[in-house]
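Here's the structure, in structure tokens; my notes come after.
All of these numbers come straight from a predicted model, not from anything done at the bench. Counting starts at 1 for both ligands and their atoms, following the listed order.
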Amino acid sequence: MIERTLIVIKPDGVRRGLIGAIISRFENKGFKIVDLKMFRMTRKQAEEFYAPHVGKHFYEELISFITSGPVVAAILEGPSSISVVRKMIGSTNPLEAAPGTIRGDYGLAITENLIHASDSVENFIRESKIIFS
Ligand code: CMP
């Protein structure tokens, strides 16, 4: 099924000059980029974005990291994009992410884990509203 998903290249990915390397993986795979934006998340946007994580021990760290510099958000379209893109980014903890995945190839830290991708249609709708409207 053709569907859309949202990716956010986090401040570490932008700072490290990995925007092109990351975006090109999705283009090479065949996904269409239907929207693309570079911006700095406000605290309010970050709190809405990470609302499902309120109360977790890493929540404050998450908010201060995601607002620490510019991010690049994109909406990708293609077959089963939500699950395929999640596979391409790899496990949340880069130490456990398989080689060949983005986190497996470029990351070593769980907070600075380079990229976020929506994990469901509901979260795609919720997250893309926060970022693109
Ligand atoms: P992300 O896919 O953006 O969704 C929530 C983020 O919380 C996740 O990536 C990680 O960066 C972060 N995260 C998840 N679990 C932990 C944890 N145990 N400790 C620190 N950060 C975490």
Exercise. What are the two closest non-hydrogen atoms of Leu6 and Ala73, and how far apart are they?
Worked result: CD1-CB, 4.4 Å
Problem set entry | Arg25/Asp105 under side-chain contact (heavy atoms from CB on, under 4.5 Å): CA gap, chis, key distance, verdict | CA-CA 12 Å; Arg25 288 184 177 224; Asp105 287 351; 2.8 Å; yes
Distance-only check: which donor-acceptor pairs under 3.5 Å involve side-chain atoms of residues 48-58, not counting sequence neighbours?
residue, atom, partner, partner atom, Å
Glu48, OE2, Lys44, NZ, 3.3
His53, ND1, Lys56, NZ, 3.1

Exercise. Would you call Glu122 and Lys129 a salt bridge, using N to O less than 4.0 angstrom?
Worked result: no
Exercise. Are the side chain of Lys37 and the backbone N or O of Ile131 linked by a donor-acceptor pair below 3.5 Å?
Worked result: yes
For this session: Indicate whether the side chain of Asn123 and that of Arg126 have a donor and an acceptor atom separated by less than 3.5 Å.
Result: yes
Between the protein and ligand 1, are there any N or O atom pairs that come within less than 3.5 Å of each other, and if so, what are their names and distances?
residue, atom, partner, partner atom, Å
ligand 1, 2 (O), Arg103, NH2, 3.3
ligand 1, 2 (O), His116, ND1, 3.3
ligand 1, 3 (O), Lys10, NZ, 2.7
ligand 1, 3 (O), Tyr50, OH, 2.8
ligand 1, 3 (O), His116, ND1, 3.0
ligand 1, 9 (O), Lys10, NZ, 3.1
ligand 1, 9 (O), Asn113, ND2, 3.2
ligand 1, 11 (O), Lys10, NZ, 3.4
ligand 1, 11 (O), Ile110, O, 2.8
ligand 1, 11 (O), Asn113, ND2, 3.3

